[in-house]
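Working notes, beginning with the structure itself.
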Amino acid sequence: MIHIDPWEKTWVYIVGLLIVVMLGSILYTAFANSIHPPSNVETIDSASLHLSKEFAEDNLGVKTRADGSVTVTMVAARYGFYPQRIEVPANTPIRFRIASLDVVHGLHIPETNLATMVIPGFVSEVNTTIPKPGEYPLFCNEYCGLGHHYMWSRVTVTPDTTTN
Ligand code: CUA
């Protein structure tokens, strides 16, 4: 029988408990709050976004699809998101499609589960619904240069009228 120091034994239990708590909180947020890494893999030529059909300037913004859900098409570029102001309905499936014109940016709307990296060469696609109407900021949360902290847009979430 090997001897294990009581303190060492205690710390083995504490570390084991920490691992259970951390893995548990990851699983909890994944299943209860549906927080998960975006899984879309789709390439695009970032240098010619303005020439592409989808990310051309006059195609950006919010569109309502036939089933009532909404698609938001955006471009992230140093130092802004375009368009700089969007309006989406609450409690409605929203699909964000966003591409970067230059470097890695991040897209984060506080108080929602929407957060993704925007990597040049790829289209970031995120599906979400925002339950609470109100004004939300949309921040860049990946350091992208000197103007990083000025890089944000406004999101207005309007009360859902389709269910009334
Ligand atoms: Cu874009 Cu930080």
Side-chain angles (χ1 to χ4, degrees), residues 18 21-65 67-160:
L18 282 177
V21 168
M22 286 174 196
L23 282 178
S25 56
I26 290 171
L27 290 174
Y28 173 76
T29 53
F31 290 108
N33 302 336
S34 65
I35 291 175
H36 58 87
S39 53
N40 186 54
V41 179
E42 191 181 331
T43 55
I44 192 164
D45 179 11
S46 279
S48 61
L49 278 187
H50 57 297
L51 302 174
S52 72
K53 229 176 157 186
E54 186 178 4
F55 293 96
E57 194 175 352
D58 51 11
N59 195 49
L60 300 180
V62 182
K63 286 187 197 74
T64 307
R65 290 196 294 260
D67 62 357
S69 66
V70 164
T71 302
V72 180
T73 311
M74 290 184 110
V75 164
R78 287 191 286 185
Y79 295 102
F81 293 99
Y82 306 97
Q84 293 205 296
R85 181 177 270 277
I86 58 168
E87 200 177 289
V88 290
N91 291 312
T92 305
I94 308 171
R95 171 170 295 170
F96 278 85
R97 293 194 35 94
I98 178 158
S100 166
L101 198 63
D102 38 43
V103 298
V104 175
H105 298 281
L107 182 148
H108 173 54
I109 303 180
E111 293 177 50
T112 71
N113 69 349
L114 197 144
T116 186
M117 282 173 91
V118 187
I119 300 167
F122 293 89
V123 177
S124 298
E125 185 178 291
V126 182
N127 296 296
T128 190
T129 49
I130 303 177
K132 218 173 91 201
E135 292 282 333
Y136 294 82
L138 186 160
F139 289 117
C140 179
N141 66 356
E142 292 284 338
Y143 183 74
C144 52
L146 286 178
H148 163 70
H149 53 292
Y150 296 117
M151 184 167 173
W152 62 292
S153 273
R154 282 174 198 277
V155 182
T156 303
V157 179
T158 55
D160 181 23

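Whatever order the structure lists ligands and atoms in, that order sets their numbers, starting from 1. All values below come from the heavy atoms of this structure, side chains included, with hydrogens, waters and symmetry mates left out.
Glu111 is linked by a side chain to side chain donor-acceptor pair (under 3.5 Å) to Lys132, counting only residues two or more places apart in sequence or in another chain. Residues passing the side chain to side chain donor-acceptor pair (under 3.5 Å) test with Asn91: none are found, sequence neighbours excluded. For Glu42, the side chain to side chain donor-acceptor pair (under 3.5 Å) partners two or more places apart in sequence, or in a different chain, are Asn40, Arg97.
Of the possible donor and acceptor atoms, none in the side chain of Ser69 sits under 3.5 Å from a partner among the backbone N and O of Arg65.
Around atom 1 (Cu) of ligand 1, the protein N, O or S atoms closer than 2.8 Å are His105 ND1, Cys140 SG, Cys144 SG, Met151 SD, listed by chain and residue number.
A side-chain contact (heavy atoms from CB on, under 4.5 Å) with Ile109 is found for one member of Leu138, Val126, Thr128 and no other, namely Leu138.
Within the 4.5 Å cutoff, side-chain heavy atoms of His105 are placed close to those of Arg78.
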